[in-house]
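A note on names: the letters A, B, ... follow the listed sequences, proteins ahead of strands, and every chain is numbered from 1. On a predicted model such as this, the values are computed, not experimentally measured, just so you know.
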There are 2 protein chains.
Amino acid sequence: MLKGTLDLLILRTIELQPRHGLAVSERIAQITRGTFVVKPGSLFPALHRLEQEGYIAGAWGESAQGRRAKVYDITPAGRKRLAAERKSWDRIVTAVGQVLDPT
Amino acid sequence: MLKGTLDLLILRTIELQPRHGLAVSERIAQITRGTFVVKPGSLFPALHRLEQEGYIAGAWGESAQGRRAKVYDITPAGRKRLAAERKSWDRIVTAVGQVLDPT
DNA sequence: GCATCTATATAGAACATCTATACAAAAGTC
DNA sequence: GACTTTTGTATAGATGTTCTATATAGATGC
């Protein structure tokens with residue numbers, strides 16, 4: 001996975017619907033049809049970092065299977081961060097495109 | 001800069017026309033209008049790595065200003081690598097798009 | 001002769017991601 | 001009712017790219 005995109009993917013996934021850790025990675029794998037597979041060792045450090053920085057908030061609850069799970073929701077700061085990351089991503093895609101196919 | 005895209009940018013820039021180190025970074029900055037600014041400390045390690053791996057070949061020559069400069073050209077292996085990186089990039093852009101704006 | 005510009009180079013730090021492993025609790029299984 | 005499997009969270013250690021900062025060298029200008 002491209003370093004620097006994971007936060008974007010996590011924030012957007014949680015924004016659409018609060019989820020617990022593994023559910024986030026499941027959704028990313030599913031919707032990208034396996035292009036991005038975020039394993040626990042990458043996922044949880046990222047979640048902890050995002051929580052530490054105040055972009056997401058975790059609370060113990062239940063998973064769809066009825067197991068105990070920490071459910072994360074996005075915070076107002078997280079939405080701002082997500083909007084900024086989106087802009088940044090668009091800019092990067094445009095810039096790379098310009099290098100790959102200069103007009 | 002997003003980690004992992006530098007190789008792609010360098011390979012494509014050199015493919016279009018062989019250049020020496022600083023000329024590569026100048027062109028990238030120019031064509032992306034300052035979105036990507038590759039400083040020497042990032043550029044040269046990347047060039048050396050790409051050369052070590054056989055994707056580009058450097059030869060001492062002259063810059064446009066008539067200074068001594070190491071001019072890099074892409075190798076057949078480099079073209080293959082570039083094609084692969086392009087595909088990979090397209091796939092990533094598509095996948096991120098799917099997460100950001102699911103249909 | 002001394003500063004400045006071009007150009008290459010490297011050391012060291014920072015940081016996100018990956019591999020691998022560990023741990024816990026619930027559910028199934030016989 | 002022990003035992004395995006499944007679900008879920010967690011962390012340690014390694015890896016590798018990029019960034020900051022600095023060094024070096026040769027030309028050019030004045």
Nearest-nucleotide check on DNA chain D, B:Ser42 vs A:Gly66; residue mapping nearer the 5' end is A:Gly66
Assert: residue with more 5' nearest nucleotide on DNA chain D, out of B:Met1 and A:Ala23, is A:Ala23
Give [X] one of three labels, base, sugar-phosphate or nothing, depending on what nucleic acid heavy atoms sit under 4.0 Å from its own.
X	value
A:Gly4	sugar-phosphate
A:Lys3	base
A:Leu6	sugar-phosphate
B:Gly41	base

Please answer whether the main-chain N or O of B:Gly54 pairs with a side-chain N or O of B:Thr75 as donor and acceptor at a distance below 3.5 Å. yes
Ignoring hydrogens and geometry, is there a side-chain-to-backbone donor-acceptor pair from B:Thr94 to B:Asp90 under 3.5 Å?
yes
Nearest whole Å is fine: how far is [N] [atom2] from [X] [atom1]?
X	N	atom1	atom2	result
B:Asp7	D:dT17	CG	P	7 Å
A:Glu26	D:dT7	CD	P	8 Å
B:Leu47	C:dT10	CG	C1'	14 Å
A:Lys39	D:dA14	NZ	P	19 Å
A:Phe44	C:dA24	CZ	C1'	13 Å
A:Tyr72	D:dG8	OH	P	14 Å
A:Leu8	C:dT17	CG	C1'	16 Å
B:Arg49	D:dG16	CZ	P	11 Å

Nearest-nucleotide check on DNA chain C, B:Pro40 vs A:Val37; residue mapping nearer the 5' end is B:Pro40
Taking 4.0 angstrom as the limit, do [X] and [Y] come out as a salt bridge?
X	Y	result
A:Arg86	B:Asp101	yes
B:Glu15	B:Arg79	yes
B:Arg19	B:Asp73	no

Of the nucleotides [options], which has the atom closest to the [X] side chain?
X	options	answer
B:Lys70	D:dG8, D:dA10, C:dT8	C:dT8
B:His20	D:dT9, C:dA7, D:dT18	C:dA7
A:Arg67	D:dT9, D:dT7, D:dT18	D:dT7

Hey, is the side chain of [X] poking within less than 4.0 Å of OP1 or OP2 on [N], counting only N and O atoms?
X	N	answer
B:His48	C:dT10	yes
A:Gln65	C:dA27	no
A:Ser63	D:dG8	yes

The residue among B:Ile74, B:Ile31, B:Leu8, B:Val24 that forms side-chain contact (heavy atoms from CB on, under 4.5 Å) with B:Thr13 is B:Val24
